[in-house]
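Data first, discussion second: the structure below is written as structure tokens.
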Amino acid sequence: MHALILGGTTEGRRLAELLAGTPGLRVTSSLAGRVAGPRLPVGQVRVGGFGGVPGLTEWLRTHHVDVLIDATHPFAEKISFHAAEAAAGAHVPLLALRRPGWVPGAGDTWHLADSLPEAARLLPRLGRRIFLTTGRLGLAAFAGPASAGLWFLSRSVDPPEPGTPVPARMELLLSRGPFALHDERELLRGHRIEVLVTKDSGGAATAPKLAAAREAGLPVVVVRRPPVPPGVREVTSPEEAAEALRGM
């Protein structure tokens, strides 16, 4: 059996590790290639896009893929819908590996938004010094008039592409998780942060920023996850995904 993992996440790497050496199972992990120097999973890896739904459908067919696992980032909406359409076209079963989202706890002050532009519109009434952890690809949403007069600390793995609109007053912090709670506390304190902005990515690697914001009494703007393709079987852990694959 040949399994194709659409990865680039901690869960995708863990799943490839769990499946390595399984008799009768060949695993290929596919990375989009948007991050410089990505952490590679064990086993066979391909990097780059497929060319949309037609390209992915053809790849599934020509490489005799028996099962497709969507272990992409919860906000990789486009590839998830492409995966669902391609799997249906190639008559290949699809399994979605989705890490659970974050849940507010006692002491949290969350403001939910359905998009990055909506998150940007919430900021002026919440504070002036913003810790932005939504990634380099969404910076343009915070470069408009709604953000005039605000200061941003933007943390991402890679810098924005040249020519990308960014907030007028922004300091860029290049860093890759996981992040420790004591470091997040110091970061908020040292930069005098008043508001945290994050996507509901879930997972433990970047969750300490939420705890640090809670301790400091800071409001948090949380961007909700996009919708997922209907009718796709979902699991919430690499272990559950590995067990499902072994039962196919």
Side-chain angles (χ1 to χ4, degrees), residues 5-19 29-42 45 69-80 83 95-116 119 131-138 153-158 173-185 187-188 196-215 218 220-229 232-245:
I5 301 174
L6 303 179
T9 59
T10 301
E11 291 77 17
R13 291 190 296 273
R14 175 59 177 157
L15 178 57
E17 179 183 336
L18 289 171
L19 296 176
S29 295
S30 178
L31 310 184
R34 292 183 176 178
V35 176
R39 294 171 177 169
L40 298 179
V42 298
V45 179
I69 304 98
D70 176 12
T72 56
H73 192 276
F75 281 81
E77 180 180 11
K78 186 176 181 179
I79 185 59
S80 290
L95 182 68
L97 172 52
R98 297 272 184 266
R99 71 181 77 150
W102 290 316
V103 178
D108 283 321
T109 305
W110 284 16
H111 301 264
L112 300 179
D114 288 322
S115 66
L116 292 177
F131 182 25
L132 190 60
T133 65
T134 54
R136 66 188 177 103
L137 298 179
L153 174 66
S154 177
R155 182 168 69 189
S156 62
V157 176
D158 294 316
L173 175 61
L174 298 182
S175 187
R176 187 197 300 264
F179 302 104
L181 177 57
H182 64 84
D183 291 330
E184 299 292 64
R185 289 172 180 147
L187 186 148
L188 296 182
L196 168 65
V197 183
T198 183
K199 294 177 179 177
D200 180 16
S201 299
T206 61
K209 64 188 173 186
L210 299 173
R214 182 188 311 122
E215 291 177 357
L218 301 183
V220 180
V221 177
V222 180
V223 181
R224 292 186 177 96
R225 294 181 176 190
V228 298
V232 176
R233 180 183 175 185
E234 291 188 48
V235 294
T236 58
S237 73
E239 289 75 15
E240 189 180 355
E243 186 65 27
L245 261 66

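On a predicted model such as this, the values are computed, not experimentally measured, just so you know.
Thr133 places a side-chain N or O within 3.5 Å of a backbone atom of Val197 that can act as its donor or acceptor partner. Here the side chain of Glu240 pairs a donor or acceptor atom with the backbone of Thr236 at under 3.5 angstrom. At distances below 3.5 Å, not a single donor-acceptor pair connects side-chain atoms of Asp108 with backbone N or O atoms of Arg214. Side chain of Trp102 to backbone of Val222: no donor-acceptor contact under 3.5 angstrom is found. Looking at Arg224, its side chain never comes within 3.5 Å of a backbone N or O of Ser115 through a donor-acceptor pair.
Closest non-hydrogen pair, Ser156 versus Asp158, comes out as OG-O, 2.7 Å. When all heavy atoms are compared, the tightest approach of Ala96 to Val232 is CB-CG1, 3.8 Å.
A cation-pi arrangement, defined by a distance under 6.0 Å to the six-membered ring centre and an angle within 45 degrees of its axis, is present between Arg155 and Phe179.
Put simply, the side chain of Leu245 reaches to within 4.5 Å of the side chain of Leu19, judged on heavy atoms. The shortest side-chain heavy-atom distance between Leu187 and Leu153 falls under the 4.5 Å cut-off. Leu97 places none of its side-chain heavy atoms less than 4.5 Å from the side chain of Asp70.
More than 12 heavy atoms of other shown residues, nucleotides or ligands fall within 6.0 angstrom of atom CD in Glu215.
Rounded to the nearest 0.5 angstrom, Thr10 OG1 and Arg99 CZ are separated by 6.0 Å. A distance of 8.0 Å separates CG in Leu116 from CZ in Phe75, rounded to the nearest 0.5 Å. Taken to the nearest 0.5 Å, the OG1 atom of Thr72 stands 10.5 Å off from the CD atom of Glu11.
Salt bridge present: Arg14 and Glu239 bring a charged side-chain N and a carboxylate O closer than 4.0 Å.
Side-chain contact, Ser80 with Arg98: a donor N or O sits under 3.5 Å from an acceptor N or O.
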